[in-house]
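Worksheet for the structure shown next.
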Amino acid sequence: MTTLTNSGLKQGLTILGLETSCDETAASVVRRDADGRVTVLSSIVGTQFEQHAPFGGVVPEIAARAHVEVIDSVAAEAMRAAGIGYDALDGVAATAGPGLVGGVMVGLAFGKAVALARDLPLVAVNHLEGHAVSARLGAEVAYPFLLLLVSGGHCQLLEVGGVGACKRLGTTIDDAAGEAFDKIAKSLGLPYPGGPALEKLAKTGDASKYELPRALLGRKDCDFSFSGLKTAAARIAATLTTDQERADLAAAVQFAIARQLSERSDRAMKAYAVEHPAGERRFVVAGGVAANGAVRAALLKICDDNGFTFDAPPLAYCTDNAAMIALAGAERLAAGISDDLDAVARPRWPLDEAAALSNPSNSFGRKGAKA
């Protein structure tokens with residue numbers, strides 16, 4: 001990591017962002033003005049739904065090869081859509097982890113190539129930090145705030161004081177909420193991606209028809225667990241014979257996930273409020289599951305109950321995208337921080353690395369702490 005001077009900030013920063021951590025190949029150009037205002041000049045996302053649909057989930061090798069095939073064209077389209085040339089850029093930001101490491105390597109290598117060829121600073125962005133700042137793509141959300149990061153691979157509650165300043169309050173001890181949505185959707189025979197399909201099916205269901213297990217009821221912390229719910233729902237799904245039964249189970253699953261997310265968020269808000277005055281009681285939900293209507297409704301109620309404001313990224317920036325990576329990179333450059341060209345791709349990279357190492361919620365093994 002390199003510390004830069006803040007020269008040029010009076011004019012703001014224009015950053016090319018690259019995201020390849022899973023099954024989206026994305027590029028975006030974002031402008032961050034000197035006063036912190038943000039403008040998304042372009043955001044291009046190439047999906048791989050068709051390649052992975054036959055397998056009911058993401059196949060890492062297929063994803064990595066698909067990124068290689070389109071990363072250059074997606075980046076070129078982002079530059080064309082922004083209406084600028086590479087000489088107008090002030091830096092390049094690329095996801096360096098966590099994620100499927102083969103895909104991460106593709107985007108990071110492309111970002112290094114652009115940075116080297118154009119003599120631009122490189123920012124190796126933590127994908128989770130991209131999600132953490134993503135609400136700022138649609139509104140002026142000031143630091144600090146309480147964040148629920150809820151996606152296919154991650155489920156955490158964090159106190160966010162700025163880029164590089166995240167304190168973990170709770171995390172999943174097994175599966176993420178988004179993974180539970182997707183795996184249960186697969187058990188119900190729904191198409192990939194499963195989360196949106198399950199939400200659609202749940203609209204015609206009765207959540208009270210099935211009683212599903214509630215995790216960690218004896219604990220008072222802010223950690224999550226979804227593996228028991230996933231197993232119970234899969235067993236019930238195997239016994240269903242009608243479309244209405246499937247809709248009822250989908251509604252019950254969605255209710256159970258929304259309830260757990262809101263209960264843990266309520267605990268985190270009460271703890272956060274002890275140390276923060278009313279003017280700093282801001283709650284942000286980010287990640288793909290933030291697009292779920294039932295989850296948002298449950299979280300909005302908790303915010304009202306606790307006197308917190310509620311913010312979420314525009315729906316286009318809830319799922320993986322490069323605009324959030326570009327913004328995280330711009331904020332780091334604005335703070336005078338960049339990375340050397342030997343920055344490595346990381347399959348695991350906690351936002352609060354000290355907490356993850358000292359108090360791991362799940363094993364970290366050879367690849368490092370997970371969350």
Side-chain angles (χ1 to χ4, degrees), residues 1 3-4 6 9-10 12-13 15 17 28 30-40 90-91 93 95 123-151 154-171 222 264-265 267-287 290 299-300 302-303 306-314 317-318 321 323-339 349-356 371:
M1 182 177 292
T3 301
L4 303 173
N6 287 337
L9 287 188
K10 291 182 180 180
L13 294 165
I15 305 296
S28 173
V30 168
R31 174 78 175 174
R32 183 191 184 276
D33 292 335
D35 61 4
R37 287 182 297 178
V38 178
T39 304
V40 180
D90 297 297
T95 297
V123 184
V125 173
N126 185 316
H127 176 82
L128 305 182
E129 188 165 82
H131 279 302
V133 304
S134 61
R136 293 164 62 83
L137 292 167
E140 295 185 17
V141 182
Y143 298 116
F145 54 80
L146 178 63
L147 171 70
L148 172 63
L149 174 55
V150 57
S151 66
H154 303 276
C155 190
Q156 300 178 45
L157 280 158
L158 299 142
E159 181 180 325
V160 181
V163 290
C166 294
K167 177 183 177 183
R168 189 186 77 184
L169 303 180
T171 188
C222 297
R264 303 304 194 272
S265 296
R267 291 178 191 171
M269 286 180 194
K270 288 177 168 55
Y272 182 94
V274 172
E275 299 182 1
H276 295 270
E280 294 182 0
R281 293 173 190 173
R282 293 176 282 268
F283 181 78
V284 172
V285 57
L299 294 172
L300 274 167
I302 296 301
C303 286
N306 288 279
F308 276 68
T309 61
F310 176 91
D311 285 286
Y317 304 128
C318 285
N321 65 90
M324 67 183 191
I325 303 303
L327 176 56
E331 297 212 343
R332 282 185 165 266
L333 281 179
I337 301 169
S338 72
D339 293 277
W349 189 3
L351 273 178
D352 186 347
E353 201 154 12

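Count residues from 1 along the sequence.
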side-chain contact (heavy atoms from CB on, under 4.5 Å) between Leu137 and Val38, intermediate numbers included: CA-CA 6 Å; Leu137 292 167; Val38 178; 4.0 Å; yes

Verdict with supporting geometry, Val40 and Ser28, side-chain contact (heavy atoms from CB on, under 4.5 Å): CA-CA 8 Å; Val40 180; Ser28 173; 4.1 Å; yes

Closest non-hydrogen atom pair between Ala142 and Arg136, with its separation: CA-NH1, 4.1 Å

Ser338 side chain near Leu333 side chain, heavy-atom distance below 4.5 Å: yes

Rounded distance [0.5 Å steps], NE2 in His276 versus CD in Glu159: 3.5 Å

Gap between atom CD of Glu331 and atom CD1 of Ile337 - 0.5 Å precision: 11.0 Å

Distance-minimising heavy-atom pair for Pro144 and Gly161: CB-CA, 4.2 Å

Check: Leu327 and Ser134 side chains under 4.5 Å, non-hydrogen atoms: no

His131 side chain reached by His154 side chain, heavy atoms, under 4.5 Å: no

Interatomic spacing from CG in Leu169 to SG in Cys222 - rounded to 0.5 Å: 6.0 Å

Whether Phe145 and Tyr143 hold their rings parallel, tilted or perpendicular, with breakpoints at 30° and 60°: parallel

Worked verdict on Phe308 versus Ile302 for side-chain contact (heavy atoms from CB on, under 4.5 Å): CA-CA 8 Å; Phe308 276 68; Ile302 296 301; over 6 Å; no

From Ile325 atom CD1 to Thr95 atom OG1, the distance as rounded to the nearest 0.5 Å: 3.0 Å

For Cys155 against Val150, the heavy-atom pair lying closest together: SG-CG2, 4.2 Å

Given Arg264, Lys270, Met269, the one that forms side chain to side chain contact (heavy atoms under 4.5 Å, CB included) with Arg267: Arg264

Polar side-chain atom of Arg282 near backbone of Asp311 as donor-acceptor pair, under 3.5 Å: no

Nearest atoms (heavy-atom pairs only) where Ser151 meets Gly287: CB-CA, 4.3 Å

Distance in Å, Arg168 CZ paired with Leu149 CG, rounded so as to fall on 0.5 Å steps: 13.0 Å

Which atom of Leu158 lies closest to which atom of Cys166, heavy atoms considered: CD2-CB, 4.4 Å

Distance-minimising heavy-atom pair for Arg281 and Tyr272: CA-CE2, 4.2 Å

Donor-acceptor contact below 3.5 Å, side chain Asp35 vs main chain Arg37: yes

Intermediate values then yes/no, side-chain contact (heavy atoms from CB on, under 4.5 Å), Arg332 and Glu129: CA-CA 11 Å; Arg332 282 185 165 266; Glu129 188 165 82; 2.7 Å; yes

Min side-chain heavy-atom separation Gln156-Leu128 under 4.5 Å: yes

